[in-house]
Amino acid sequence: MTSSELRHTGLNLGGTGEISHEQAETGLFGFWVFLMSDAVIFALLFATYGVMLSATAGGPTPTAEYKIGPAFIETLLLLTSSLTFGMASITMKHDARPRGLFGWLFVTLLLGLAFLGFELHDFATMVGDGAWPMRSGYLSAFFALVPLHGLHVLFGSLWIVVMMVQLAVFGPDARVKLNILRLGLFWHFLDIVWIAIFTIVYLQGLIR
Amino acid sequence: MSERKTGKAGEIRSYLIGYGLALLLTCAAFAAIRWQSFAATTTLAVLFALALAQVIVHFRFFLHIRLSRSSRDDLQLILFSALIVALMVSGTLVILFNLRQRMM
């Protein structure tokens, strides 16, 4: 088991002993399969976006609509929330009391909500400029892709709230911990999708 | 067993290293766009390379996917999904750009 201690540093329950690594891994592997199917959905929406990029129909163009400042702030918020969730996983593994875990989950929730606030503000500005989904093929593709990620973040935030309630009601038992591990995978996965979004959508759109 | 002793501190450090690397790559990507000094295609290539590096950093430090034997199941699933994604995305782009070219 010594070699396995390292393999999923923040994700296994090695320190707690309530669930064996094998059990935890079977449950987590199933969730990986879901995540990868989700990745396929995003990949195809990226492909659609790439195809539609020049179909602006005389309407707003990417260069005019994207702003580098808010995109950078959103990126930092999401990246930092990944770190705080990592801290939550570590606290869960090493600390028997749920208070630290509760705190880190709360910080992650706040960062996620701040991200959503900035993103909604971006969308509102775009729609205010006349860049709404029905304007052109490019904007339809944009509003299919980016808000879908936002929706994932929204559901992730809801999930964090649910886990905080479960933590308060049941305490940190094995089932709750396994659920938090899945939530962690989901949250880190959303950050990876966001890397693709800020690179392919925002930064590529701003190349002159 | 020495890994167990440094457990918590080592894990925190691993997350912090990952965060630092990701932050560095993110800032490099945004800086390359904010102060554009290359041709458009070069900038695009730099962007994609930085994004790929950051995805690998996230998988390694946040999702703990490694090349070691024990985490092979996850890794195989991810590589297989990456293959499917690459086939579908590149296929879509090739076919539809070709179609557009013929229709223009």
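If you're wondering where the values come from, they're calculated on a predicted model, not measured in any experiment.
- Rounding to the nearest 0.5 angstrom, the gap separating the CG atom in A/L203 from the CZ atom in B/R34 is 12.5 Å.
- When atom types are taken as modelled, the side chain of B/Q54 and the backbone of A/I195 share no donor-acceptor pair closer than 3.5 angstrom.
- Of the two parts of B/I78, the backbone and the side chain both hold a non-hydrogen atom closer than 4.5 Å to a non-hydrogen atom of chain A.
- Within the 4.5 Å cutoff, side-chain heavy atoms of A/W32 are placed close to those of B/I65.
- Annotation: side chain of B/T92 is not in contact with side chain of A/F46 (no heavy-atom distance under 4.5 Å).
- Of the listed residues (B/L99, B/V85, B/L47, B/L52), the greatest number of heavy-atom pairs within a distance under 4.5 Å of chain A belongs to B/L47.
- Annotation for A/F34: atom CZ counts as buried by contact number, over 12 foreign heavy atoms lying within 6.0 Å.
- No other option in A/L79, A/L76, A/T199 has as many heavy-atom pairs under 4.5 Å with chain B as A/L79.
- Of all the listed residues (A/D191, A/V51, A/T75), the one sharing the greatest number of non-hydrogen pairs under 4.5 Å with chain B is A/V51.
- At a threshold of 4.5 Å between non-hydrogen side-chain atoms, the residues A/L83 and B/L16 count as touching.
- Looking at B/Q36, its side chain does come within 3.5 Å of a backbone N or O of A/L206 through a donor-acceptor pair.
- Applying the 6.0 Å contact sphere to CZ of A/F155 captures no more than 12 heavy atoms from other residues, nucleotides or ligands.
- Proximity to chain A involves both the backbone and the side chain of B/F30, based on heavy atoms less than 4.5 angstrom apart.
- Within the 4.5 angstrom heavy-atom criterion, atoms from both the backbone and the side chain of B/L23 approach chain A.
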